[in-house]
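Below: the structure, in structure tokens.
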Amino acid sequence: VCRGGIAVVVTAERVYEVKANLSHGLFRAIGQVLVYRAAIDPALEPVIIGRTVTRQSTSMAASVGVLVSDVDQAIRTNELR
């Protein structure tokens, strides 16, 4: 819990927002993870994990410094660090 709300997962390196379906909640997820990072530690890397990840969602998020990853890929590659 932080001034910005409730971050889903916070590690030493990253702050995560998890969404079931990014095709409907991408912009909200970007805003949430950026607010969490600002409230917790601006040095953290903001990451969104979800389903329905597209090239468009990945590039839009990357344009503001947010990494987007598919949940299955994140689990396979042990990305949650």
Exercise. Would Ile48 and Leu67 count as a side chain to side chain contact (heavy atoms under 4.5 Å, CB included) if you check the C-alpha gap in whole Å, the side-chain angles of each, and the deciding distance to 0.1 Å?
Worked result: CA-CA 6 Å; Ile48 299 170; Leu67 174 67; over 6 Å; no
Exercise. Hey, mind stepping through Val64 and Ile30 against side chain to side chain contact (heavy atoms under 4.5 Å, CB included) and telling me if it holds?
Worked result: CA-CA 8 Å; Val64 293; Ile30 290 171; 3.8 Å; yes
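Rounding to the nearest 0.5 Å gives a distance of 10.5 Å between CD of Glu17 and CG of Leu34. One finds the CG atom of Leu22 at 10.0 Å from the OG atom of Ser69 (value rounded to the nearest 0.5 Å). In this structure, the separation between CE on Met60 and OG1 on Thr54 is 6.5 Å, given to the nearest 0.5 Å. Separating the CZ atom in Arg14 from the CG atom in Leu44 is a distance of 10.5 Å, to the nearest 0.5 Å.
Counting all heavy atoms, side chain and backbone alike, Pro46 lies closest to Gly65 at CG-O, 3.3 Å. Contact record, Thr11 with Tyr16: CG2-CE1, 4.0 Å, taken as the closest heavy-atom pair.
Residues meeting the side-chain contact (heavy atoms from CB on, under 4.5 Å) test with Val71, sequence neighbours left out: Ile49, Arg51, Ile75.
Ile40 has its side chain within reach of Val10: a pair of non-hydrogen atoms, C-beta onward, lies under 4.5 Å apart.
Here salt bridge (Lys or Arg N to Asp or Glu O under 4.0 Å) pairs that include residues 24-39, with residues two or more places apart or in two chains, number zero.
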